[in-house]
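Working notes, beginning with the structure itself.
All heavy atoms count here, side chains included; hydrogens, waters and symmetry mates do not.
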Amino acid sequence: MSESQVWDAVDAYFTEHLSPDDEVTAAALRESEAAGLPPIGVTANQGKLLQLLAQVQGARGILEIGTLGGYSTIWLARALPPEGRLISLEYSPRHAEVAQRNLARAGLDGQVEVRVGPALESLPRLADENPPPFDLVFIDADKGNNPHYVEWALRLTRAGSLIVLDNVVRGGRVVDADSTAEDVRGTRAAIELIGSHPRLSGTAIQTVGGKGYDGFALARVLG
């Protein structure tokens with residue numbers, strides 16, 4: 001087998017035994033595919049990781065930046081207690097409609113609110129509402145704005161909160177300091193912000209599997 005085939009086989013094995021899709025999450029994937037949404041969401045293993053991180057956090061409030069079809073939203077929302085809430089920000093009205101159908105099927109529409117529009121417009125409005133600090137923020141949206149999203153996450157969290165930034169490896173392109181690609185520049189700026197900010201302690205992990213070569217960054221808010 002090729003290297004990528006090995007990655008896929010191992011990913012499939014872990015998924016089968018540790019994070020298999022149930023009817024609800026499988027239906028969310030089918031609905032997203034049927035609606036023509038791009039296949040760029042998290043894998044089942046990654047969704048389960050997000051759920052476990054939220055549970056370890058004891059999260060009662062979660063903010064997601066980038067909803068797509070709501071697959072990762074379902075994994076995250078399932079970690080919430082009955083009184084918990086999740087706000088997810090989605091740029092595309094079409095993607096948001098698919099996500100809302102998937103969340104309703106999952107029985108989570110009472111706990112999850114999908115807000116439609118550019119996140120950099122939704123975030124100031126959210127801050128103006130003065131919500132309780134979020135315990136976990138998952139950032140998986142347009143990569144060029146990653147540093148702005150990290151800054152907003154800091155404003156909307158508290159000491160002990162966790163920020164998860166997805167897709168930080170960019171197939172290895174993240175190391176190219178001369179890149180003019182918006183996704184690489186935004187991701188590098190976010191990583192360097194996390195590394196230098198006095199209120200953040202972070203790390204990044206490279207991953208391989210069903211979505212190829214990528215990774216994510218984790219940052220804990222210190223104060």
Side-chain angles (χ1 to χ4, degrees), residues 3-33 37-57 59 62-80 86-90 95 98-99 102-103 106 108 112 114 119 134-143 146 149-150 153 161-174 183 186-187 190-191 194 202-220:
E3 191 173 61
S4 63
Q5 288 174 323
V6 172
W7 295 348
D8 290 348
V10 172
D11 215 27
Y13 171 75
F14 287 154
T15 298
E16 177 186 359
H17 291 282
L18 300 174
S19 55
D21 278 305
D22 57 26
E23 183 50 39
V24 168
T25 53
L29 293 175
R30 290 194 300 269
E31 177 94 7
S32 297
E33 182 179 7
L37 271 60
I40 56 174
V42 303
T43 64
N45 272 328
Q46 293 164 346
K48 183 63 174 292
L49 174 63
L50 290 172
Q51 185 183 88
L52 288 171
L53 289 171
Q55 289 170 332
V56 168
Q57 281 292 101
I62 297 173
L63 174 62
E64 179 180 51
I65 303 175
T67 316
L68 196 60
Y71 183 75
S72 58
T73 321
I74 292 170
W75 281 103
L76 284 165
R78 284 178 166 178
L80 291 169
L86 188 153
I87 294 176
S88 189
L89 309 180
E90 173 55 45
H95 293 179
V98 174
N102 287 331
L103 290 162
L108 294 166
V112 178
V114 179
F134 292 97
D135 303 299
L136 186 147
V137 179
F138 177 49
I139 302 170
D140 189 12
D142 54 309
K143 309 309 175 186
N146 273 340
Y149 296 146
V150 172
S161 295
L162 185 66
I163 300 169
V164 184
L165 179 64
D166 203 12
N167 306 130
V168 298
V169 172
R170 315 307 300 158
R173 292 184 298 124
V174 72
D183 63 326
T187 299
I191 292 294
I194 291 170
T203 190
I205 301 295
Q206 301 180 73
T207 62
V208 296
K211 295 297 173 70
Y213 174 40
D214 210 335
F216 59 92
L218 292 175
R220 186 171 187 265

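- You'll find the side chain of I139 stays beyond 4.5 Å of the side chain of D166, heavy atoms only.
- Counting heavy-atom neighbours within 6.0 Å of E33 CD, excluding the residue itself, gives a total of 12 or less.
- A donor atom on one side chain and an acceptor atom on the other are found under 3.5 Å apart for S19 and N45.
- Formation of a donor-acceptor pair under 3.5 Å by the T43 side chain with backbone atoms of Q46 is found in this model.
- Between D21 and K48, none of the side-chain N atoms (NZ, or NE/NH1/NH2) sits under 4.0 Å from a carboxylate O, so this pair counts as no salt bridge.
- Of all non-hydrogen atoms in A119 and Y149, the two that sit nearest each other are CB-CE2, 3.6 Å.
- Using a 4.5 Å heavy-atom threshold, the side chains of L136 and Q55 count as separate.
- Taking 4.5 Å as the limit, some side-chain heavy atom of W75 sits within range of a side-chain heavy atom of T25.
- E90 places no side-chain N or O within 3.5 Å of a backbone atom of G66 that could act as its donor or acceptor partner.
- Although no hydrogens or angles enter the test, the distance criterion places no donor-acceptor pair under 3.5 Å between the side chain of K211 and the main chain of G209.
- Proximity of V6 to V208: side-chain heavy atoms (C-beta onward) are nowhere separated by under 4.5 Å.
- Counting only heavy atoms from C-beta outward, the side chains of E64 and L76 approach each other to under 4.5 Å.
- At least one donor-acceptor pair closer than 3.5 Å links the side chain of Q57 to the backbone N or O of D135.
- Considering only heavy atoms from C-beta on, L50 comes within 4.5 Å of F138 through its side chain.
- Side-chain contact between N167 and F216 is absent, with no heavy atoms from C-beta onward closer than 4.5 Å.
- Counting only heavy atoms from C-beta outward, the side chains of S72 and Q51 never approach each other to under 4.5 Å.
- Salt-bridge annotation for R173 and D183: present, with a side-chain N of the basic residue lying under 4.0 Å from a carboxylate O of the acidic one.
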